[in-house]
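In what follows, residues are counted from 1 in the order of the sequence shown. Side chains included, hydrogens not; waters and symmetry mates left out as well; all remaining heavy atoms used.
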Amino acid sequence: MSTPVDDPLDPLSRERSHLAGSRAALRAMREDVESLDISDVTANWVNAEVLARQIDERIKALADLSDTPLFFGRLDYLHAPGAEAAEGAEGERFYIGRRHVHDAEGDPMVIDWRAPVSQPFYRASKKDPLDIGLRRRFGYTGGDLTAYEDEHLSDPAAVTLSGSAGVARTSKLLQQEIERPRVGPMRDIVATIQPEQDEIVRSGLGGTVCVQGGPGTGKTAVGLHRVAYLLYAHRERLARTGTLVIGPNKSFLHYIEQVLPALGELSVRQATVDDLVAHVEVRGADDSTAAVVKGDARMAEVLRRAVHAHVSMPTEPVVVVRGSRRWRVPAYELEETVRELLDRDIRYGAAREALPQRIAHAVLVQMERSGEAPDDRVQDAVARNSAVKAAVKAIWPPVDPAKLVLRLLTDADFLAEHAAEILSEDEQKTILWAKPVRSVKSAKWSAADAVLIDEVNDLVSRTASLGHVVLDEAQDLSPMQYRAVGRRCTTGSATILGDLAQGTTPWATRSWDEALAHLGKSEGVIEELTAGFRVPTDVIAYASRLLPHIAPGLAPVASIRENPGFFEVREASGTAEVVVACGELLRQEGSIGLIAADARIPALAEALTEAGLTYLAPGEETTRQTRLTLVPASLAKGLEYDYVLLDEPQAVVDGEPDERTGLRRLYVALTRAVSGLVVVHGAGLPVQLG
């Protein structure tokens, strides 16, 4: 922070000097933490371990990433922020970066992008300058500050590039940063956040936000940056309750895993839905018809019925013997207690734990009426009495979630009893296993079965709730999967990210209102991002030809890219010509993704190997030496590459169980490119592409 003064003749040198000073200050901050001696400040080894871990995390958070700019912008306020505008009062200058950096005196040299004083960097405009006289953006090459661009918001016509006298209407550095070739994992967009994105990022912790965004609108980045912002604004609360990012698969999570650490956030857990419900080993798979039924929200009621069917009304009294006295709780009184617990609709396990205490309380009431003065210890002893235990086991037996689901899927009569008037006979037959299974361990559970077990597990004992959950690619979840995610944030909030046009499962989400209801977040706010920052104009225009066939109600993404991008459709007679096209793209700078129908991947892999072209699998980190990734179409969602070579679009469509799902899968594959797309085909193109 400093008071604005006129730049010297070489403003770029001045900014480079501030960068060098900021890096030195960050290094000093890290060294201060590394030098801390905690040997005499903790009472025991447990506290010492906790403190040592906190210090280690702090050291990691203060790492200076050489290829990541420490600051990317500057704000020159007309007046001191938060102060009343006084005549003649000078404003202050703030450098905006990924984390806070201060000098030896504690004065800030870089302000965290999440701080309130940084917000005008994203929100200030010519119409509403928010008391900003100048907004400066910085351009970097390989970590070196090489350019700057000024917006004089008090003079809306003026934009200065790198100190020149040139005038531009849009931010060139912003465009360059968006279009910069990408090698390695996904990077943050903290330097390029747009006003409509910033509103979502800075929305409060208490509310759930659902973001509908087409390809390249930055919805994933917005969700991750919202986590970073919430951790900044509500650090203590979220440190207690926890945060979680849920992605569609391991490849996707690996691709995004460096975004939050680059922003200094190291404590956010990442998982897939399958990870969350991993109560059993998944070794089987359902056909689409069975998976749709198992994923239907109606299954929740079937499971609830099956769980509570274990409760039976008592027909015999409970007789507790203590010393020479016998205390009798009649059956009708036991039944009243059981019905009261059922009416309260508490967890099955919690009610089972409460029942012996209720029976013991009835005994204590009798003791008090007879003149005795029992205390809590007596009640606990009665609750542990063998007669009470036997009664509880008979009335409210324990339920094993996996065994219950196994019985539903293998016992036609048991399923029919609890699915009556919920599932049709055909639906019941669809989910019944053809062969008997001896035990839970020998069962070939599917992913949908694991979700059912998770539902029962929650019916028996409450699932722990987190402070905030981010759910990405949400359009592909079944209603039962939404419920599984929702119970992980019952007392917290959520950020839901997705695109209805990219739903490629048979149970894909039809509307976000419906999805929010399944999550238990009906009050959530739905936001839509329509400005495309990643996909070039010509590419998104070509892919959008599919929208009337896959999502008629959605507006196409409007690319804001000035560069239309490279786009070509060419015929190829075999895999050899596909390999040649890969070689051509490898002459360009940046990452290359060869996307193909899953069934064609082995043949393409063999052809690439024979041609001596090394390639990676989805999720593996690209390097400057290995920039080509071979991507099955089923794993392309959420990934992005500078150049995409799409092999045989019709094969991508044909690889799905129905045409609409296939066209949605194709839409995903067509929209993974940042700079250019080449479509190669030997067979005809899908007619929907015109």
Any carboxylate oxygen within less than 4.0 angstrom of a Lys/Arg side-chain nitrogen, looking at Glu584 and Arg570? yes

Any chance you could measure Leu585, atom CG, to Asp642, atom CG, to the nearest 0.5 Å? 10.5 Å

Between Asp275 and Thr272, is there a donor-acceptor pair closer than 3.5 Å when you use the side chain of the first and the backbone of the second? yes

Working to the nearest 0.5 Å, report the span between CD1 of Ile246 and CG of Asp274. 11.0 Å

Mark yes or no for whether Arg98, through its side chain, and Leu263, through its backbone, hold a donor-acceptor pair below 3.5 Å. no

Given the ring of Tyr148, does Arg136 sit roughly above its face, with NZ or CZ under 6.0 Å from the centre of the six-membered ring and within 45° of the axis? yes

Inter-residue atom distance Trp113.CH2 - Gln119.CD, 0.5 Å rounding: 11.0 Å

Between Ser591 and Arg627, does any side-chain donor sit less than 3.5 Å from a side-chain acceptor? no

State yes or no: are the ring centers of Phe121 and Phe72 separated by less than 6.0 Å? yes

Go through the steps to decide whether Ile96 and Val110 satisfy the test side-chain contact (heavy atoms from CB on, under 4.5 Å), and finish with yes or no. CA-CA 6 Å; Ile96 313 302; Val110 179; over 6 Å; no

Should Cys210 and Glu527 count as side-chain neighbours, where that means a heavy-atom distance under 4.5 Å? no

What is the minimum heavy-atom distance between Leu276 and Ala271, and which atoms define it? CD2-CB, 4.2 Å

Scan side-chain atoms only and decide if Tyr95 and Glu15 contain a donor-acceptor pair under the 3.5 Å cut-off. yes

Quick one: closest heavy-atom pair of His225 and Val190, and the distance? NE2-N, 3.4 Å

Under 3.5 Å, is there a donor on one side chain and an acceptor on the other for Lys637 and Thr504? yes

Over all atoms of both residues, closest heavy-atom pair of Val282 and Ser446: CG1-C, 3.8 Å

Test Phe533 against Thr192 for side-chain contact (heavy atoms from CB on, under 4.5 Å), laying out the working first. CA-CA 9 Å; Phe533 302 96; Thr192 62; over 6 Å; no

For a side-chain hydrogen bond (donor to acceptor under 3.5 Å, both in side chains) check, start with the C-alpha distance between Asp144 and Thr141, then their side-chain angles and the critical distance, and finish with the verdict. CA-CA 5 Å; Asp144 296 327; Thr141 302; over 6 Å; no

May I ask you to test the Pro686-Leu666 pair for a side-chain heavy-atom distance under 4.5 Å? yes

So which heavy atom on Gly676 is nearest to which on Pro536, and how close? N-CG, 4.5 Å

Any carboxylate oxygen within less than 4.0 angstrom of a Lys/Arg side-chain nitrogen, looking at Arg135 and Asp150? no

Side chains of Leu471 and Leu477, heavy atoms from C-beta outward: is any pair under 4.5 Å? yes

Does the Ser118 side chain pair with the main chain of Asp112, one donor and one acceptor, at a distance under 3.5 Å? yes

If every non-hydrogen atom of Ser22 is compared with every non-hydrogen atom of Phe71, which pair is closest and at what distance? OG-CE2, 4.0 Å

Donor-acceptor pairs under 3.5 angstrom involving side-chain atoms of residues 594-610: please list them, not counting sequence neighbours.
from   : atom 1 : to     : atom 2 : distance (Å)
Asp598 : OD1    : Ala633 : N      : 3.2
Asp598 : OD1    : Ser634 : N      : 3.2
Asp598 : OD1    : Ser634 : OG     : 3.3
Asp598 : OD2    : Ser634 : OG     : 2.5
Arg600 : NE     : Asp647 : OD2    : 2.5
Arg600 : NH2    : Asp647 : OD1    : 3.2
Arg600 : NH2    : Asp647 : OD2    : 3.4
Thr609 : OG1    : Ala605 : O      : 2.9

Measuring only between side-chain heavy atoms, which start at C-beta, is Thr629 closer than 4.5 Å to Glu620? no

Answer whether the closest heavy-atom distance between the side chains of Val539 and Leu670 falls below 4.5 Å. no

Under 3.5 Å, is there a donor-acceptor pair between the side chain of Lys219 and the main chain of Leu497? no

Quick check: does any side chain N or O of Thr626 sit under 3.5 Å from a backbone N or O of Thr622, one acting as donor and the other as acceptor? no

Distance-only side-chain donor-acceptor flag, Thr243 / Arg269, under 3.5 Å: no

Test your reading of the model: is there a side-chain donor-acceptor pair from Trp507 to the backbone of Asp476, 3.5 Å cut-off? yes

Got a donor-acceptor contact below 3.5 angstrom from the Gln588 side chain to the Tyr643 backbone? no

Measure the OG1-CD distance between Thr509 and Gln475 for me, rounded to the nearest 0.5 Å. 7.0 Å

Is the backbone N or O of Pro657 less than 3.5 Å from a side-chain atom of Thr661, with the two atoms forming a donor-acceptor pair by type? no

Atom CG in Leu554, atom CD in Gln502: separation rounded to 0.5 Å? 10.0 Å

Heavy-atom side-chain proximity of Arg545 to Gln688 below 4.5 angstrom: no

Counting C-beta onward and ignoring hydrogens, is there a side-chain heavy-atom pair between Tyr667 and Leu547 closer than 4.5 Å? yes

May I have the step-by-step check of side-chain contact (heavy atoms from CB on, under 4.5 Å) for Trp512 and Ile496, ending in yes or no? CA-CA 9 Å; Trp512 291 121; Ile496 314 303; 4.2 Å; yes

With no hydrogens and no angle check, just 3.5 Å: does a side-chain donor-acceptor pair link Glu640 and Tyr255? yes

Any chance you could lay out the side-chain contact (heavy atoms from CB on, under 4.5 Å) test for Leu529 and Gln212, step after step, and finish with the verdict? CA-CA 6 Å; Leu529 296 175; Gln212 158 64 38; over 6 Å; no

When you check the side-chain N and O atoms of Asp198 and Gln194, is any donor under 3.5 Å from an acceptor? no

Could you tell me the separation between the CG atom of Leu635 and the OG atom of Ser251, rounded to the nearest 0.5 Å? 5.0 Å

Derivation and outcome, salt bridge (charged side-chain N to carboxylate O under 4.0 Å, His left out), residues Glu265 and Arg114: CA-CA 12 Å; Glu265 301 299 343; Arg114 298 166 288 187; 2.7 Å; yes

Identify the heavy atoms of Val557 and Gly214 that sit nearest to each other, and give their distance. CG2-CA, 3.5 Å

Hey, does the side chain of Arg660 reach the backbone of Ile550 with a donor-acceptor pair shorter than 3.5 angstrom? yes

Any non-hydrogen side-chain atom of Arg123 less than 4.5 Å from a side-chain atom of Glu199? yes

